[in-house]
Amino acid sequence: MPPQRKQRKIAIMGYRSVGKSSLTIQFVENQFVDSYDPTIENTFTKPWKVRGQDFELKLVDTAGQDEYAIFPAQHSMDMHGYVLVYSITSVQSFELLQVLLEKIMDMTGKITIPLVIVGNKTDLHRERVVSTEEGKRLADTWKASFYEVSARSHESVCEIFNRLITEMEKADGSNGNEKSSCVLS
Ligand SMILES: Nc1nc2c(ncn2[C@@H]2O[C@H](COP(=O)(O)OP(=O)(O)OP(=O)(O)O)[C@@H](O)[C@H]2O)c(=O)[nH]1
């Protein structure tokens, strides 16, 4: 019998136009799409291997949120983890994460949720308005992992998912002490 793939569902959330789709597509298809096409919602499936364990990842690329959006209830039900994305070029997108984190905690009712906070668009360093320290501080407050990445240059994109899977396994009670690595599959 072939080894079983563990099915894991991940929501990619954040403000409009921060690069949620670009990060997801970069991870799933290894390509960067330059055009901007606002997402309603897309689900991608990606087989992925972390330290000998096969996973089938369901990545839910959600519609851009703002502070007034009602948190979609379906995104609080069966998610194993969240990738919360802001753009380092937008204070508004960074501030939204605080609101989104509170909503996630509220809606899921869980104390510990596997979370990765991602500052995207590091290639636009001249337009940076959110510092790395601010990003780290937010992640520390929420006991989340933190990465700054660029979907455009594929910088650090797979680390996001490796880290999240490690956190999800920890929450599950397995592989808790393993370090994440990007050399996979
Ligand atoms: N320079 C640069 N541009 C990026 C990067 N990631 C995304 N973009 C651009 O930002 C715009 C929005 O990207 P999307 O991936 O569609 O953003 P989104 O968060 O999915 O947007 P919504 O679906 O509206 O919520 C597009 O023009 C992308 O090409 C990045 O790392 N660097």
Side-chain angles (χ1 to χ4, degrees), residues 8-46 48 57-77 79-104 107-108 113-136 138-139 142 144-164 180 182 184:
R8 292 290 179 265
K9 201 167 170 187
I10 296 168
I12 326 292
M13 302 192 80
Y15 197 72
R16 288 188 294 271
S17 192
V18 293
K20 298 179 295 299
S21 302
S22 303
L23 284 169
T24 309
I25 292 166
Q26 185 60 274
F27 177 61
V28 174
E29 297 170 4
N30 284 313
Q31 60 166 322
F32 180 71
V33 184
D34 223 338
S35 59
Y36 176 47
D37 184 12
T39 306
I40 298 174
E41 184 169 306
N42 276 324
T43 300
F44 297 82
T45 303
K46 167 98 173 161
W48 194 240
L57 303 179
K58 265 209 160 61
L59 305 169
V60 185
D61 173 20
T62 65
Q65 296 266 312
D66 63 31
E67 17 325 40
Y68 309 107
I70 293 171
F71 190 90
Q74 74 271 23
H75 298 335
S76 63
M77 313 277 234
M79 292 298 168
H80 295 96
Y82 294 85
V83 176
L84 300 177
V85 187
Y86 67 92
S87 165
I88 64 153
T89 66
S90 159
V91 171
Q92 201 172 5
S93 73
F94 180 66
E95 289 177 348
L96 179 80
L97 287 202
Q98 179 74 27
V99 178
L100 210 47
L101 280 155
E102 283 164 14
K103 286 183 186 170
I104 290 172
M107 293 292 286
T108 60
I113 299 165
L115 294 170
V116 178
I117 290 176
V118 175
N120 187 36
K121 307 197 186 183
T122 52
D123 57 293
L124 299 178
H125 43 88
R126 287 208 195 97
E127 293 166 42
R128 180 192 278 273
V129 289
V130 182
S131 71
T132 304
E133 289 65 36
E134 286 172 289
K136 273 190 196 145
L138 179 71
W142 290 91
S145 300
F146 173 66
Y147 290 96
E148 282 193 342
V149 307
S150 166
R152 176 180 282 274
S153 55
H154 202 168
E155 190 193 302
S156 305
V157 173
C158 68
E159 274 99 328
I160 298 169
F161 295 94
N162 291 343
R163 165 55 65 186
L164 189 59
S180 152
C182 210
L184 301 163

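In each ligand, atom 1 is the first atom listed, and ligand 1 is the first ligand listed. As the structure is a prediction and not an experimental result, all values here were calculated from the model.
In this structure, the protein non-hydrogen atom closest to atom 23 (O) of ligand 1 is T39 N, 2.7 Å. Regarding atom 24 (O) of ligand 1, its nearest protein heavy-atom neighbour is Y36 OH, 2.5 Å. With hydrogens left out, the protein atom closest to atom 11 (C) of ligand 1 is S17 OG, 3.8 Å, a heavy atom. At the shortest separation from atom 31 (O) of ligand 1 among protein heavy atoms lies A151 N, 2.9 Å. In terms of protein heavy atoms, atom 9 (C) of ligand 1 is closest to K121 NZ, 4.0 Å.
Under the 6.0 Å cut-off for aromatic ring centres, Y15 and Y86 do not qualify, their centroids lying 6.0 Å or more apart.
For the pair T122/E155, a side-chain contact is recorded, criterion being any heavy-atom separation below 4.5 Å from C-beta on. In this structure the side chain of I10 reaches within 4.5 angstrom of the side chain of L164, judged on heavy atoms. Counting heavy atoms from C-beta on, the side chains of N162 and W48 come closer than 4.5 Å.
The main-chain N or O of K9 is found under 3.5 Å from a side-chain atom of H80 such that the two form a donor-acceptor pair.
Within ligand 1, counting atoms from 1 as listed, the ones closer than 4.0 Å to a heavy atom of V33 are 29 (O). In summary, the atoms of ligand 1 found under 4.0 Å from a heavy atom of K20, numbered by their order in the structure, are 15 (O), 17 (O), 18 (P), 19 (O), 20 (O), 21 (O), 22 (P), 25 (O). Close contacts between ligand 1 and R16 involve ligand atoms 25 (O) [criterion: under 4.0 Å to a heavy atom]. Short contacts between ligand 1 and L124, defined as distances under 4.0 Å to a heavy atom of the residue, involve ligand atoms 1 (N).
Note: R16 CZ to L96 CG = 9.5 Å, rounded to the nearest 0.5 Å. Note: I104 CD1 to M13 CE = 6.0 Å, rounded to the nearest 0.5 Å.
Between A63 and ligand 1, a contact under 3.5 Å exists for no N or O pair. At least one N or O atom of G19 sits closer than 3.5 Å to an N or O atom of ligand 1.
The nearest non-hydrogen atom to atom 6 (N) of ligand 1, considering only N120, V149, T122, I40, comes from N120. Comparing T89, D34, I25 against atom 27 (O) of ligand 1, the shortest heavy-atom distance belongs to D34. Among S150, G64, S22, the residue whose heavy atom lies nearest to atom 15 (O) of ligand 1 is S22.
Here D123 pairs with R152 in a salt bridge; the nearest charged N to carboxylate O distance falls below 4.0 Å. Using a cut-off of 4.0 Å between Lys/Arg side-chain N and Asp/Glu carboxylate O, K46 and E29 are scored as not salt-bridged.
At a 4.0 Å heavy-atom cut-off, ligand 1 touches D123 through the side chain alone.
Partner F27 forms a ring pair (Phe, Tyr, Trp, His ring centres under 6.0 Å) with one of F161, F44, F32 and no other, that one being F161.
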